[in-house]
There are 2 protein chains.
Amino acid sequence: MLETVTSMKTSEARDILAETARKGDAEKRGRKASKEVRQLQLIEATIDSLAKRGYAETTMADVADGAGLSRGIVNFHFESKEKLLIATLQHMYDEYSAHWRASLQKAGDDPARQLQQLVWADFDRSICNKRKLAAWLAFWGEAKSRPTYQALSSSRDNYYQQVFIDLCTTLKQSGSYAYEPQVMALALSAMLEGLWLRLMMGTEDTTRETALQAANAFLASAFPKHYG
Amino acid sequence: MLETVTSMKTSEARDILAETARKGDAEKRGRKASKEVRQLQLIEATIDSLAKRGYAETTMADVADGAGLSRGIVNFHFESKEKLLIATLQHMYDEYSAHWRASLQKAGDDPARQLQQLVWADFDRSICNKRKLAAWLAFWGEAKSRPTYQALSSSRDNYYQQVFIDLCTTLKQSGSYAYEPQVMALALSAMLEGLWLRLMMGTEDTTRETALQAANAFLASAFPKHYG
DNA sequence: CATCATTTGTTGAACATTCATTCAGTATGG
DNA sequence: CCATACTGAATGAATGTTCAACAAATGATG
């Protein structure tokens, strides 16, 4: 089951801060060492606020309070609220990207296994938890009316989509399937995003486990020779 | 292709107003007859604003201006901004519901045809256009942090989901498929929502036509005996 | 090593703006 | 002339941003 949103607040940011202070010898602790750590801490607090209150109700005071810092701090590290939110979205994309590429790496050379791994990656705990899903949804809700968000999204999404298309093309050849690779890739990626959407909305009947079952059922019916 | 958002403003509301004034003899025209018509007009203006500016930037002044009326008008007809938004969401759900049920009706008794019609219904022009999709997305983005929206959504969504499950169960029997009906219904509905999401985000490569192709490809691979 | 100066991070009150809401007054249909 | 729809200026609350003062770390100096 997905964990609850309300509990974690600054804990995660504090972990990061502690970890950085531990392993980074070059990094100085305390007040000065902040810059990057503080920014991360504020970004985490922003994700918390987005998840708990939604985009429209996320305020600078909320973020500052969530990080346990003063009101003016955000404008010091990020120039404005808008830039904070863009940095937060960027951070979430970077994290997703890294996880995605790592999964692809881990899968080796077999395209069937690669596709399977990519699907699984989307439902990994580290990526797919209530807090982050809620933050994603908050951004998506505003993305269409904000060119900046849209630009950030579309370039990466197009890349992922192309990888899916390539994998579908390869599998079609080795399995003699009838589908059009572009079409099947769209159906697949749409379903993954739709399952995310379900998880984000927090309906009782959809959990990470059932979502993964659905994704596997799709693979089995679309590529029976590979996943049947 | 989907039409653009920016152009229609009050035109649609004016059509409705004109239409109501035309066919409703009992309804009085002009200033007095307003109540219901004005409310509809304001709801349409709200959808316009949600589509154009997003949830967070939708203001009462925006809605009033969009409807070509004065600033205080919304608080007169709806009590508050929150109630306006709830009424708007309700209106969109009612419209979707009506269209959905009509499609099911039209399909007759054949379950395969029923499922096909329901899928098509989701991509009908009257439901699936940029303006309304953008408004849906705006609501979804806020739904998780607003119990009222969530309550409005979940009850209906559960009903639709159950119909999908029932249809999948019936098709499984008549086609001797191996899947679990609940799982396949989740995969199907998730894909439909995911395709909506793609259309909402306005990526170039996804149009209503390609989305429908993807949906059909899914049906063909999941229920080959019925749609192959 | 002690002291001072400088740089850098941080604070919180003040400010300006935006926005939902209110309401006394106006216009209009019956 | 009454009831009702409507207006738009006034109000107050919420919020992003600024900035002068403060604190801590670092560096320079003797």
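Just so it is clear, the values below take in all heavy atoms, side chains as well, and ignore hydrogens, waters and symmetry mates. Computed from a predicted structure; not experimentally measured. Every chain is numbered from 1 and lettered A, B, ... according to where its sequence line falls, protein lines coming before strand lines.
The residues B/Arg53 and A/Glu142 are annotated as not salt-bridged, no charged nitrogen and carboxylate oxygen being separated by less than 4.0 angstrom. Here A/Asp62 does not pair with A/Arg71 in a salt bridge; the nearest charged N to carboxylate O distance is not below 4.0 Å.
Per the geometry, CD1 belonging to A/Ile86 stands 15 Å off C1' belonging to D/dG16, to the nearest Å. In this structure, A/Lys83 atom NZ and D/dT17 atom C1' are separated by 13 Å, rounded to whole Å. Atom CD1 in A/Ile73 sits roughly 10 Å away from atom P in C/dG9 (whole-Å rounding).
Residues that satisfy the salt bridge (Lys or Arg N to Asp or Glu O under 4.0 Å) test with B/Lys106, not counting sequence neighbours, are absent from this structure.
Sequence neighbours left out, the pairs with a member in residues 183-197 of chain A that pass salt bridge (Lys or Arg N to Asp or Glu O under 4.0 Å) are A/Glu193-B/Arg198.
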Distances for protein N/O vs nucleotides 18-22 of chain C N/O pairs under 3.5 angstrom?
residue: C/dA20; atom: OP1; partner: B/Lys81; partner atom: NZ; Å: 2.8
residue: C/dA20; atom: OP2; partner: B/Met60; partner atom: N; Å: 2.8
residue: C/dT21; atom: OP2; partner: B/Asn75; partner atom: ND2; Å: 3.3
residue: C/dT21; atom: OP2; partner: B/Lys81; partner atom: N; Å: 2.9

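B/Tyr149 and B/Tyr55 have perpendicular rings, their planes meeting at more than 60° on a 0 to 90° scale where under 30° would count as parallel.
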